[in-house]
Amino acid sequence: MGGVGPEVGLKRNRVALDEVQLVPHQWTDVNESNCKSEIFGKTYEYPFGVAPVGMSGLIWPKSARMLARAAKMFNVPFTLSTTSTCKLDDVRAEGGENTWFQMYVPKDEEITRRFVKQLTAAAYSVLLVTVDLPIYAFRERDIRNGLSLPPSFGARSLFEIISNPSWALRSAAVGVPQFVNVLALAPNGLSASERNNFVDEFGEGRVTLQKLKLLRDLWPGSLVVKGILTPDDASQCKAMGVDGVVVSNHGARQMDAAPAPIEVLPQIRAAVGEAYPLLVDGGCRSGLDVARMIASGADFVLMGRAPYAGVAAMGERGALHTFQIIADEFQQTLCLTGCENPKDLRKVLWERSDDKRPVKPVLIEGFQRAVGGT
């Protein structure tokens with residue numbers, strides 16, 4: 001899960017998050033906060049969920065199904081990627097209504113219509129449409145590691161496989177990972193090379209506003225656009241009837257010069273208004289990071305690396321353990337800042353001013369009134 005090019009954007013995602021500070025408010029009567037959050041008509045226990053991760057079967061066999069089950073038990077959403085190695089029907093059966101789906105829009109309109117019908121029949125209700133992948137970027141780390149389907153194995157890869165026999169045996173039992181949900185849409189009778197070409201060209205090209213309108217007309221559930229970094233693009237989505245957007249730079253895996261999502265989040269929030277659902281991803285590793293993103297304007301936070309690392313370490317128990325750590329950290333952050341619920345985090349964001357005063361004047365004035373000062 002590296003970045004693109006020299007991975008400057010990957011570092012920027014993390015540095016930008018670390019720079020967000022929250023100011024504790026002490027004169028509150030908050031000892032236990034309510035972390036529940038509602039989005040797209042469903043109430044979740046916490047305002048975070050699992051982001052879509054492609055080729056997740058290479059991290060751990062059937063990891064998407066494990067995470068979907070764990071997300072259902074914990075009552076947070078899990079998002080299945082188009083390029084998952086688990087069948088969309090199986091994952092929906094494991095995760096129930098907590099399961100969302102991320103779509104790479106097919107370049108062929110008829111295939112798009114068939115894809116939407118499949119997702120509707122599988123009872124998905126939230127569809128995330130990725131729009132920031134018009135072409136594949138030059139990902140040097142992936143090239144060095146031989147990340148591809150089918151996987152390419154060099155001497156280093158073979159040594160790592162031998163060094164991890166449990167992963168190797170489980171992977172061998174499942175078989176070579178494939179993009180099963182993409183291949184399910186391929187015409188019958190294709191040769192192996194033709195099937196590979198179908199996968200390579202499946203989502204080739206830019207998602208235009210016309211394609212987005214088609215999806216809005218076809219999709220009966222909540223439609224969310226993933227990959228927005230400008231206020232204008234977010235406003236256009238809102239005007240078209242899109243139900244929400246994910247502020248994202250694709251985990252810094254597309255353009256190394258793109259801003260970190262949290263850097264543009266406040267401007268996008270100002271453009272779309274307080275009531276419009278804004279989700280965000282990019283560099284989030286902890287409950288404190290979730291709080292930072294919500295304080296900066298998000299309603300909901302998606303993360304990929306942390307949940308999948310939990311599965312890689314301990315299977316389904318690892319997923320639940322990871323969720324619990326993030327939830328505990330988030331609850332602690334709310335309590336330490338004096339916030340009764342996630343929305344209150346907007347009030348404790350430390351906003352620097354030009355003269356470097358540490359907090360907004362209104363907070364200082366509030367303290368003076370509380371102690372009777374002038």
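Because only heavy atoms are used, hydrogens play no part in the values below, and waters and symmetry mates are left out as well, while side chains stay in.
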Flag the pair [X] / [Y] as yes when at least one side-chain heavy-atom distance between them is below 4.5 Å, and no otherwise.
X	Y	answer
Val245	Lys226	no
Arg92	Lys87	no
Pro24	Leu336	no
Ser286	Ile326	no
Met293	Leu17	yes
His250	Leu133	yes

Closer than 3.5 angstrom, by distance alone: can the side chain of [X] be matched with the main-chain N or O of [Y] as a donor-acceptor pair?
X	Y	result
Arg65	Val91	no
Asp89	Ala122	no
Arg69	Gly95	no
Arg216	Met240	no
Ser33	Cys339	yes
Arg12	Ala260	no
Thr112	Pro106	yes
Asp281	Met303	no
Glu329	Gly287	yes

Exercise. Hydrophobic cluster mates of Val126, side-chain heavy atoms under 4.5 angstrom, ILVMFWY only, any path?
Worked result: Ile39, Phe40, Tyr44, Trp100, Leu128, Val224, Val246, Leu279, Phe300, Leu302
How many angstroms lie between atom [atom1] of [X] and atom [atom2] of [Y], to the nearest 0.5 angstrom?
X	Y	atom1	atom2	answer
Lys238	Asp233	NZ	CG	15.0 Å
Asn341	Cys35	CG	SG	9.0 Å
Gln21	Asp18	CD	CG	10.0 Å

Exercise. Is the Tyr104 to Phe179 ring centre distance short of 6.0 Å?
Worked result: no
Problem set entry | Residues Lys343, Asp299; criterion salt bridge (Lys or Arg N to Asp or Glu O under 4.0 Å); working and verdict | CA-CA 8 Å; Lys343 290 291 186 183; Asp299 294 304; 2.5 Å; yes
For this session: Hey, can you tell me if Phe330 and Tyr46 have their rings parallel, tilted or perpendicular (30° and 60° cut-offs)?
Result: perpendicular
Problem set entry | Mutual orientation of the aromatic rings belonging to Phe74 and Phe323 [parallel < 30°, tilted 30-60°, perpendicular > 60°] | tilted
For this session: Could you please spell out the steps behind the side chain to side chain donor-acceptor pair (under 3.5 Å) verdict for Asn249 and Asn13?
Result: CA-CA 9 Å; Asn249 63 9; Asn13 278 3; 2.9 Å; yes
Problem set entry | Residue of the set Thr130, Thr83, Thr79 for which side chain to side chain donor-acceptor pair (under 3.5 Å) holds with Gln102 | Thr130
Problem set entry | Pairs satisfying ring-ring contact (aromatic ring centres under 6.0 Å, His included), at least one member in residues 269-299, at least two apart | none
For this session: Answer yes or no: is there an ion pair linking Lys11 with Glu7, defined by an N-O contact shorter than 4.0 Å?
Result: no
Problem set entry | Audit row: Glu194, Ser191, side chain to side chain donor-acceptor pair (under 3.5 Å) steps and yes/no | CA-CA 5 Å; Glu194 289 172 333; Ser191 66; 3.3 Å; yes
Problem set entry | Criterion side chain to side chain donor-acceptor pair (under 3.5 Å) on Gln324 and Asp328, from CA distance to verdict | CA-CA 6 Å; Gln324 190 62 62; Asp328 289 346; 2.8 Å; yes
